[in-house]
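What follows is a single structure, written as structure tokens, with notes after it.
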Amino acid sequence: MHIGIDKDTCIGAGQCALTAPDVFTQDDDGYSTVLPGREDGGGSALVREAARACPVGAVTVSQTVD
């Protein structure tokens, strides 16, 4: 799994961090970011829900092919 955050689109609503706090946080400027070591979703079942919760669609989740 790969998680992407479009920093140009993110408005800092924080819905991803509220939905999946074990994967997402907000930086010092209030914009969403993925926690270090959680770039692959960390096995959280809430990652896709967090992407859907983003009001501007800044969070994307895709499958990676090994």
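With rounding to the nearest 0.5 angstrom, the NZ atom of Lys7 is 5.0 Å from the CG atom of Asp27. Atom OG1 of Thr19 and atom CZ of Arg48 lie 14.5 Å apart (nearest 0.5 Å). To the nearest 0.5 Å, atoms OG1 (Thr33) and CG (Asp28) are separated by 10.5 Å. To the nearest 0.5 Å, the span separating CG on Asp8 from OH on Tyr31 amounts to 10.0 Å. In this structure, OG1 on Thr60 lies 6.0 Å from NE2 on His2, to the nearest 0.5 angstrom. To the nearest 0.5 Å, the span separating OG on Ser32 from CG on Asp6 amounts to 11.5 Å.
Taking both residues in full, the closest heavy atoms of Ala13 and Gln26 are given as C-NE2, 4.3 Å, listed atom of the first, atom of the second, then distance. Scanning all heavy atoms of the two residues, the minimum distance from Ile3 to Arg38 falls at CD1-O, 3.8 Å. Nearest heavy-atom pair across Cys16 and Val59 is CB-CG2, 4.3 Å. Scanning both residues, Cys10 and Val56, for their nearest heavy atoms gives CA-CG2, 4.4 Å. Residue Ala20 comes nearest to Ser44 through the heavy atom pair CB-OG, 4.4 Å, listed as atom of the first residue, atom of the second, then distance.
No path of Ile, Leu, Val, Met, Phe, Trp and Tyr side chains, each step under 4.5 Å between heavy atoms, connects Met1 with Leu46, placing them in separate hydrophobic clusters.
A donor-acceptor distance shorter than 3.5 angstrom exists from the side chain of Glu39 to the backbone of Gly37, with no hydrogens or angles considered.
Using a 4.5 Å heavy-atom threshold, the side chains of Val34 and Phe24 count as touching.
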